[in-house]
Every structure is written in C-alpha cells, then in structure tokens.
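These numbers come from the heavy atoms of this one structure, side chains and all, not from hydrogens, waters or symmetry mates. Here the structure is a predicted model, which is why all the values come from computation and not from measurement.
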Number of protein chains: 2
Amino acid sequence: MTKTFKPTESELEILSILWDKQTATVREVHEIVQKTKDVGYTTTLKLMQIMNEKGLVTRNVMSKTHIYTPTIQREIAQEQYLTKMIHTLFSGNASQLVLQALGTHHTSKSDLDQIKSMINSLQNK
Amino acid sequence: MTKTFKPTESELEILSILWDKQTATVREVHEIVQKTKDVGYTTTLKLMQIMNEKGLVTRNVMSKTHIYTPTIQREIAQEQYLTKMIHTLFSGNASQLVLQALGTHHTSKSDLDQIKSMINSLQNK
DNA sequence: TGGTTTATACGATTGTATTCGTAAGCAATC
DNA sequence: GATTGCTTACGAATACAATCGTATAAACCA
C-alpha cells in the first residue's frame with residue numbers, strides 16, 4: 001500500500017521543481033521559487049530540510065552543497081490529486097474534467113490525435 | 001478581476017457539499033462530513049461561520065436555522081484548480097492530464113463520444 | 001409552564017505551516 | 001592567515017487551520 005502522501009502547498013511547489021529538474025540544490029530550487037514568491041533563502045532551505053525528514057526527498061551530502069532528489073513519483077501524485085479533484089470538484093465525473101480541460105487549455109493537434117486513439121481503444125474493449 | 005479564491009482543505013470539502021446540494025443547513029452539511037471525518041457539530045458550524053465571514057458562502061438568517069449557499073461558482077473553482085494542477089503536476093501539459101484521467105478513471109461510452117466530438121470540433125478550427 | 005432538544009455565538013486550545021534570524025563551517029581569495 | 005561569500009543547522013516567532021467546550025436563546029412538547 002502506498003503511504004499517504006500529503007505535502008503542504010509549499011512542499012508541492014518544491015516537488016514540482018524537483019520533478020522537472022530531476023535533481024537540484026537548494027539554491028537552484030530557491031531561484032525558481034523566488035520568481036513567484038518573495039521569500040528568503042533560508043526559508044526554502046528549511047522547507048527542503050523538513051521534506052527530507054518527512055521522506056519526501058532524499059539528499060546527497062557528499063559535497064558541501066547538498067543535492068536533492070524527490071522520492072515520490074510524479075505519477076503517483078498526479079493520480080492522487082486527479083482522483084481527489086474529480087471527487088470534490090466534478091462530483092465524481094471524470095469526463096466533465098476532461099471536457100473542461102480540453103475546452104479551456106490549449107492542446108496541439110497531435111496531442112488531440114493521441115487522445116482520440118486512446119478513446120478508441122477504450123471503446124473497443 | 002476574480003478575487004483570489006483559496007479555501008482551506010476543510011472549506012473546500014464543505015463547498016463541494018454545498019455545490020451538490022445547492023443550499024444546505026449546518027446540520028445537513030455536518031451529516032455528510034461526518035461520514036468521512038469524525039468531528040463534532042460545532043466544528044462544522046464554526047467552519048461555516050468563518051466561510052461566511054470570508055465571503056465563501058452567504059446565509060439566510062430568517063429562520064432560527066440558517067441556510068447556507070455557496071457564493072463561488074463551482075466552475076470557477078474547477079478552472080482554477082485545473083490550471084494549477086496542470087502547471088504543478090503535469091508540467092503545463094493539459095493533454096497529459098486528459099490521458100491520465102481517461103486511463104485511470106472510468107468513463108461511459110456516451111461520455112467518450114461526447115469527448116470525441118469535442119476534439120473534432122477543436123481540430124476543425 | 002417547565003424541561004428537553006436543537007440552534008448559533010464565541011472564546012480558547014491545539015496543532016501545523018511558514019518564515020526568518022543567527023550561528024557555525026568551509027573554501028576561495030586577497 | 002584574515003576576510004568574504006556561500007552553505008547548512010537550528011531555534012524561535014508568527015500565522016493560520018481545526019477542534020471543541022460552554023453559554024445562550026429559540027422551539028418543541030408532555
């Protein structure tokens with residue numbers, strides 16, 4: 001069973017950066033965080049230390065500057081939040097979410113093709 | 001400009017109940033909340049009072065038992081969370097979210113048809 | 001009417017997230 | 001080898017969310 005994974009707002013933001021970069025130092029993360037939030041370096045540092053304690057990330061302490069890696073797969077978080085969102089915001093109706101997403105967020109033609117073929121394979125079951 | 005809408009975890013849970021029922025008393029909400037969480041009546045009451053102060057809900061105080069109504073449209077919340085989720089969990093790629101949603105959440109054949117026709121109309125633009 | 005139930009109001013407590021200041025170590029540089 | 005800059009560690013303050021106990025009033029009813 002997957003342990004309950006429940007990062008805070010700020011932790012999720014940091015995780016999302018780590019998922020994109022695979023691995024990063026506090027400074028690298030902080031530089032990105034700073035673009036949207038006005039917080040001090042030690043705040044980001046502290047958060048990442050706490051995340052380490054919680055097991056949300058691991059870190060390589062070989063060099064003076066630690067290197068952080070997320071422990072949770074992005075896919076697991078995706079699935080968890082998707083499920084929750086469908087439940088609380090879409091009354092459990094996944095297709096409503098899909099329609100909404102397609103309607104208000106741009107999607108390339110080839111991506112649309114990919115979605116169509118996925119639908120076809122689902123319908124042929 | 002839409003005011004920043006940022007309910008807490010518990011507030012969102014209550015809103016989701018109100019969205020489904022359109023309108024409800026504290027007791028009605030609490031009865032549903034209790035199915036998943038073991039909290040006292042006054043906790044739910046207090047939360048809804050705070051939500052009223054924040055403007056997340058309005059209430060009709062004509063009778064002794066107040067009747068609550070959500071002020072925020074469910075659609076606005078849907079859009080906001082969807083956007084945020086696509087950004088932090090799907091690297092900004094909406095179609096990834098759609099594929100994931102279709103892959104892991106059941107969708108009826110007629111709903112799938114509806115999605116297909118939506119895609120077709122998007123592609124014919 | 002008097003007691004019981006059901007409501008709201010509200011203060012207080014507890015728990016957790018967020019933020020930052022300060023200290024201390026290390027490494028490059030002057 | 002002293003100074004400067006960057007790093008981590010850590011305690012402490014602040015803010016906010018969540019929970020509940022108690023008081024008070026209205027409505028119900030036997």
Side-chain angles (χ1 to χ4, degrees), chain A residues 3-18 21 23-70 72 77 81 84 88, chain B residues 3-18 21 23-70 72 77 81 84 88:
Chain A
K3 195 133 6 102
T4 326
F5 157 68
K6 205 168 172 325
T8 69
E9 212 29 47
S10 312
E11 286 170 349
L12 186 59
E13 195 188 345
I14 290 172
L15 277 176
S16 113
I17 292 168
L18 289 176
K21 299 179 69 79
T23 215
T25 63
V26 173
R27 179 140 312 270
E28 288 169 334
V29 169
H30 180 62
E31 235 126 60
I32 295 173
V33 165
Q34 242 186 347
K35 289 180 188 167
T36 41
K37 277 204 294 184
D38 184 28
V39 289
Y41 175 81
T42 52
T43 301
T44 305
L45 170 68
K46 179 75 167 187
L47 274 171
M48 292 177 74
Q49 285 171 342
I50 290 171
M51 290 171 77
N52 180 54
E53 282 167 26
K54 291 188 183 174
L56 293 174
V57 297
T58 51
R59 58 181 184 181
N60 184 328
V61 210
M62 282 296 98
S63 60
K64 181 194 167 192
T65 306
H66 302 174
I67 296 170
Y68 287 75
T69 316
I72 292 105
Y81 280 91
K84 184 174 189 176
T88 63
Chain B
K3 196 135 1 102
T4 327
F5 157 70
K6 203 167 172 325
T8 67
E9 215 23 50
S10 312
E11 287 170 348
L12 187 60
E13 194 188 346
I14 290 173
L15 276 177
S16 112
I17 293 167
L18 290 176
K21 299 178 70 79
T23 214
T25 64
V26 174
R27 179 139 314 270
E28 288 168 335
V29 168
H30 180 61
E31 235 127 61
I32 294 174
V33 165
Q34 242 187 347
K35 289 180 186 165
T36 41
K37 276 206 292 184
D38 184 27
V39 289
Y41 174 81
T42 51
T43 301
T44 304
L45 170 67
K46 179 75 167 187
L47 275 172
M48 291 177 74
Q49 285 171 340
I50 291 171
M51 289 171 77
N52 179 54
E53 282 167 27
K54 290 187 185 175
L56 293 174
V57 297
T58 51
R59 58 183 184 181
N60 183 328
V61 219
M62 282 297 97
S63 60
K64 183 194 167 193
T65 306
H66 301 174
I67 296 170
Y68 287 76
T69 316
I72 292 106
Y81 280 90
K84 185 175 186 173
T88 62

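As a whole-Å value, the separation of Lys54(B) NZ from dC16(D) P is 10 Å. Taking atom CG of Leu12(B) as the reference point, atom P of dA17(D) lies 13 Å away to the nearest angstrom. Nucleotide dA26(D) holds its P atom 15 Å from the CE atom of Met62(B), rounded to whole Å. Atom-to-atom, OH of Tyr68(B) to P of dT8(C) comes out at 6 Å; the value is rounded to the nearest Å. The distance from atom CE of Met48(A) to atom P of dC10(D) is 17 Å, rounded to the nearest whole Å. Across the protein-nucleic acid pair, Asn60(B) atom CG and dT8(C) atom P stand 12 Å apart, rounded to whole Å. dC10(C) atom P lies 9 Å from atom CD of Glu53(B), rounded to whole Å. Straight-line distance from the CD1 atom of Ile50(B) to the C1' atom of dA9(C): 12 Å, rounded to whole Å.
Distance alone, capped at 3.5 Å, is enough to place a donor-acceptor pair between the Thr23(B) side chain and the Tyr68(B) backbone.
When side chains are defined from C-beta on, Asn60(A) does not count as touching Thr69(A), because their heavy atoms never get closer than 4.5 Å. At a threshold of 4.5 Å between non-hydrogen side-chain atoms, the residues Glu13(A) and Thr36(A) count as touching. Glu28(A) has its side chain out of reach of Ile17(A): every pair of non-hydrogen atoms, C-beta onward, lies at least 4.5 Å apart. Contact of the Ile32(B) side chain with the Lys21(B) side chain is registered, since non-hydrogen atoms from C-beta on lie closer than 4.5 Å. Taking the side chain as every heavy atom from C-beta outward, Thr88(B) and Leu15(A) never approach each other to under 4.5 Å. No side-chain heavy atom of Thr43(B) sits under 4.5 Å from any side-chain heavy atom of His30(B). Side-chain contact between Met48(B) and Asn52(B): absent, with no pair of heavy atoms (C-beta onward) separated by less than 4.5 Å.
A sub-4.0 Å separation between OP1 or OP2 of dC6(D) and a side-chain N or O of Arg27(A) is absent. When the side-chain nitrogen and oxygen atoms of Arg59(B) are compared with OP1 and OP2 of dA9(C), one or more of them lie within a distance under 4.0 Å. One finds no side-chain N or O of Ser10(B) lying less than 4.0 angstrom from the OP1 or OP2 phosphate oxygen of dA17(D). Remark: Tyr41(B) is in phosphate contact with dT8(C), judged by side-chain N or O atoms under 4.0 Å from OP1 or OP2.
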Please list each protein N or O that sits under 3.5 Å from an N or O in nucleotides 25-30 of chain C, with the distance.
| residue | atom | partner | partner atom | Å |
| --- | --- | --- | --- | --- |
| dG25(C) | N2 | Lys64(A) | NZ | 2.8 |

Show the distances under 3.5 angstrom between N or O atoms of the protein and N or O atoms of nucleotides 11-15 of chain D.
| residue | atom | partner | partner atom | Å |
| --- | --- | --- | --- | --- |
| dG11(D) | N7 | Lys46(A) | NZ | 3.4 |
| dG11(D) | O6 | Lys46(A) | NZ | 3.2 |

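Across the interface with DNA chain C, nearest-nucleotide mapping of Val39(A) and His66(B) shows His66(B) to be the residue nearer the 5′ end. The nearest heavy atom of DNA chain D to Gln49(A) and to Thr8(B) marks one nucleotide each, and the one closer to the 5' end goes with Gln49(A).
Residue contacts shown for Thr42(A) include a base, since a base heavy atom lies under 4.0 Å away. Here Lys37(A) lies in heavy-atom contact (under 4.0 Å) with sugar-phosphate atoms only.
Picking from dA9(D), dT7(D), dA9(C) the nucleotide with the shortest atom distance to the side chain of Leu45(A) gives dA9(D). Among the nucleotides dC20(D), dC20(C), dA7(C), the one closest to any side-chain atom of Thr43(B) is dC20(D).
Few gaps surround NZ on Lys54(B); more than 12 heavy atoms of other groups in view lie less than 6.0 Å from it.
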Worked check of side-chain contact (heavy atoms from CB on, under 4.5 Å) between Thr44(A) and Gln34(A)
CA-CA 9 Å; Thr44(A) 305; Gln34(A) 242 186 347; over 6 Å; no
